[in-house]
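Just so it is clear: chains get the letters A, B, ... in the order the sequence lines come, proteins before strands, and each one is counted from 1.
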There are 2 protein chains.
Amino acid sequence: MPARDETIKTKMAQFVEHCRARGLSVTPQRLAIYHALITSMRHPSAEDIYKRIRRQYPTISLATVYKTLETLEQEGLISKVTPLHETARYDANRTRHHHLICVKCHAIEDFSTEALEQLQLPREVVGDWRVLDYTVQVLGVCRECQKRERA
Amino acid sequence: MPARDETIKTKMAQFVEHCRARGLSVTPQRLAIYHALITSMRHPSAEDIYKRIRRQYPTISLATVYKTLETLEQEGLISKVTPLHETARYDANRTRHHHLICVKCHAIEDFSTEALEQLQLPREVVGDWRVLDYTVQVLGVCRECQKRERA
DNA sequence: GTTATTGCAAACATTTTGCACCAGC
DNA sequence: GCTGGTGCAAAATGTTTGCAATAAC
């Protein structure tokens, strides 16, 4: 058996264990959704997962996919690649800079630092892609939200 | 007059010049939207800009704000901070890695490199934020879309 | 048997579109 | 006057919610 299948088996077993330990039901829907995620390299959307699972599992609903993704994210088993997906945000600053993103209130603050001005992204790293630009996204909690936590 | 106001004046003048050079009408709506963007540090959404402008300009419509933001982006005068905002995308890979994002088809590919494993983000840089995580977002054009361009 | 989860439908939020009117050039 | 831009309303898209039926434990 190839090493990759073994890894997937192991991950599924760990997933089941995690659910039991945290008192979450192990439903076929959850198994299918988590399986779809660990076997995809494409960072699928809820809709992508839904379409893929529906072939094997025609009664599953898109709402279940959304609810499950949220549960898995809260459990720290998966993460959203798109922390600010819900609204488009704009910037008139055309110089290289990076972003601090507050995971609580979605504030965005700019920062710059010499060390990140000209990152080297050699071919071994970026493969065949034509690189246009890059930014560092730092996820954190802004000052105001830290205050709110203490209050 | 403070240096900041001078900068804003200069930017507005350059904006007008850019529009004329490119044959775009210089309308009060466009001026107001661009002005709102260069005077905000908060990376506003279309709705934010709309609310702010409406105070001075009660007849402006949200659709105009959307259309104008798209135009300004195509002109390279502003940029979306959220290249993938239209759909939430998920990832079960819990190790540190970074993303190549195709600006054409929105494919996401992972990459890792030793140089970006443990970025130093000192207090001078991140200020009062509590940092949880970071990723580098590289914007580019994937192999398939480069092929499609040539075809 | 109890509680959490599912699936459906309806609601919601954000963004896009079609089109008549209007304003910039 | 011509062309492109605006504003409205409707549609489209992506996501969330309420709730009754169902399945996990």
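- Rounded to an integer number of Å, the gap from B/D48 CG to C/dA13 C1' is 14 Å.
- No contact: A/S45 has no heavy atom under 4.0 Å from any strand.
- A salt bridge is absent between A/E47 and A/R52; no separation between the charged side-chain nitrogens and carboxylate oxygens falls under 4.0 Å.
- The side chain of A/T27 approaches D/dA24 more closely than any other nucleotide in the set D/dG5, C/dT15, D/dA24.
- Rounded to an integer number of Å, the gap from B/H106 NE2 to D/dT13 P is 16 Å.
- When heavy atoms are screened at a 4.0 angstrom cut-off, A/T64 is found touching base atoms of the nucleic acid.
- Between B/H99 and A/H43, the ring planes lie perpendicular to each other; the angle is over 60°, past the 30° to 60° tilted range.
- Side-chain N/O atoms of B/K67 and base N/O atoms of D/dG7 include a donor-acceptor pair closer than 3.5 Å.
- Among the atoms of the strands shown, only primed sugar atoms or phosphate atoms (P, OP1, OP2) are found under 4.0 Å from some heavy atom of A/E86.
- A/T59 comes within 4.0 angstrom of the backbone, heavy atoms only, and of no base.
- Taking atom CD of A/E70 as the reference point, atom C1' of D/dT17 lies 11 Å away to the nearest angstrom.
- Here A/A46 lies out of heavy-atom contact (under 4.0 Å) with every strand.
- A heavy-atom distance below 4.5 Å is found between the side chains of B/H97 and B/D91.
- The separation between A/R30 atom CZ and C/dT5 atom C1' is 6 Å, rounded to whole Å.
- Nearest-nucleotide mapping onto DNA chain C: of B/R20 and A/P58, the residue sitting toward the 5' end is A/P58.
- In the hydrophobic clustering, A/Y90 connects to B/I8, B/M12, B/F15, B/V16, B/V26, B/L31, B/I33, B/Y34, B/L37, B/I38, B/I49, B/Y50, B/I53, B/Y57, B/I60, B/L62, B/V65, B/Y66, B/L69, B/L72, B/L77, B/I78, either directly or through intervening members, whenever side-chain heavy atoms lie under 4.5 Å apart.
- In summary, the side chains of B/E75 and B/H18 do present a donor paired with an acceptor at a separation below 3.5 Å, with no hydrogens or angles considered.
- As a whole-Å value, the separation of B/L31 CG from D/dG5 P is 13 Å.
- Picking from D/dG14, C/dT15, C/dT17 the nucleotide with the shortest atom distance to the side chain of B/T87 gives D/dG14.
- In this structure, A/S61 does not reach the C/dC8 phosphate: none of its side-chain N or O atoms is under 4.0 Å from OP1 or OP2.
- Nearest-nucleotide positions on DNA chain C for A/H85 and A/T68 put A/T68 closer to the 5' end.
- Of all nucleotides listed (C/dG24, C/dG7, D/dA24), C/dG7 comes nearest to the side chain of A/Q29.
- Contact check, A/Y66 against D/dT16: no side-chain N or O comes under 4.0 Å of OP1 or OP2.
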